[in-house]
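What follows is a single structure, written as structure tokens, with notes after it.
Here the structure is a predicted model, which is why all the values come from computation and not from measurement. So that the names make sense, note that chain A is the first sequence line, chain B the second, and so on, each numbered from 1.
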Number of protein chains: 4
Amino acid sequence: MIPDSTIDLIRTFVRERDWARYHTPGNLAKSVSIEAAELLECFQWSDEPKDGDLEHVHEEIADVMIYSIMLADKLGFDLDDIIRDKMAKNARKYPIDTDD
Amino acid sequence: MIPDSTIDLIRTFVRERDWARYHTPGNLAKSVSIEAAELLECFQWSDEPKDGDLEHVHEEIADVMIYSIMLADKLGFDLDDIIRDKMAKNARKYPIDTDD
Amino acid sequence: MIPDSTIDLIRTFVRERDWARYHTPGNLAKSVSIEAAELLECFQWSDEPKDGDLEHVHEEIADVMIYSIMLADKLGFDLDDIIRDKMAKNARKYPIDTDD
Amino acid sequence: MIPDSTIDLIRTFVRERDWARYHTPGNLAKSVSIEAAELLECFQWSDEPKDGDLEHVHEEIADVMIYSIMLADKLGFDLDDIIRDKMAKNARKYPIDTDD
């Protein structure tokens, strides 16, 4: 789980540095893409993480999550609501194949 | 917060469709980047979300989160641990400016 | 080769639609990333293009090239100059291994 | 224009380092996305390139072009053909507005 205390930690970090002025929705969306590509770079030439690179991978996943949380927060979305809503849509789009 | 029950929902969704065979770390990292760019597309020509586009934005944020959660899970990372670890590194890298 | 007549075609297309007003450097950079991810989507679950998908792949490569050309043009860069300059840097960074 | 001699330079660079073995279509598509995001990073917090950052911007545009050229080449596409084909489709999709 990601508890509310962790989301608050992210909010406090931004507020203490007065970074909300840079954090427009568009800039945060760019930031999510930039961090996603840094994560992808860990897999540029192979499908598995390289030895010794796991800490790097977990940092990049965290960066993607942190900017996504900032953007959801900026737009007033509840994280759990939007994930559950999308999973319900996915379940309707991809029904379980019960034939095999 | 994102409770364990939501993470379990994602795990169950993948298991019921037998999709783990497609979900290599590299393929999931590609998927995070692809969804991040679909989110970015909502802001391609403007910095604010377009009227009536908010549901689309929240779906794309959710997709980024869902694939990030799948990848973290695949690699055995605890989501809260990796976010807190990265936030601690960020706090050291960007100390609070107490001068102004 | 990509002749000047093709670059002019792109310039004329933008001018005839009066799209220069939307084509800020930042918006064009977002567009390059968005199209790059649409290209990546052709390879989301496999390393080779799917049968029958080659036309889609070539359209997405073209979109990446077109937005890159628009951005280089916007900033006054000569395409051939910047590619040759970067290749020279790459050659210094990665010398040919003559040992084997 | 980008002359054939520049495309040949890129081909020779890859051949001299024996990198074709890493350059699967999927890996090259990932590389295009990774470089596109490095370009986007130049515009993460602003719409215009920062002072003194123009060389960095032109290097990143070049990297996107170089990997796109490598991928087109790998798949046997003629660059000029695919750009002209896509521009013809764009012209049909977005007719010139002659009303104003």
Min side-chain heavy-atom separation [X]-[Y] under 4.5 Å:
X	Y	answer
D:Ile10	C:Ile83	yes
D:Met1	C:Asp80	no
C:Phe77	D:Val57	yes

C:Lys86/D:Glu35 salt bridge by N-O under 4.0 Å criterion: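 Salt bridge flag = no for C:Lys86 with D:Glu35.
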What closest approach, in Å, do C:Ser68 and D:Met65 show between heavy atoms, and which atom pair accounts for it?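 Heavy atoms only, the tightest pair is CB-SD, 3.4 Å.
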Least distance between heavy atoms, D:Pro25 atom then C:Phe43 atom: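 Residues D:Pro25 and C:Phe43, closest heavy atoms: CB-CE2, 3.5 Å.
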Could you have a look at D:Asp8, D:Asp78, D:Asp81, D:Asp63 and say which one has the most heavy-atom pairs with chain C under 4.5 angstrom?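 With the most close heavy-atom pairs to chain C, the winner is D:Asp63.
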For chain C, the option from D:Met87, D:Lys30, D:Glu48, D:Gln44 that forms the most heavy-atom pairs under 4.5 Å: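 Highest number of pairs under 4.5 Å: D:Met87.
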Under a 4.5 Å heavy-atom cut-off, does chain D meet the side chain of [X], its backbone, both or neither?
X	value
C:Tyr94	both
C:Asn27	both
C:Asp85	side chain

Kindly compute the distance separating CD1 (C:Ile61) from OH (D:Tyr67), expressed to the nearest 0.5 Å.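 Going from CD1 on C:Ile61 over to OH on D:Tyr67, the span is 14.5 Å.
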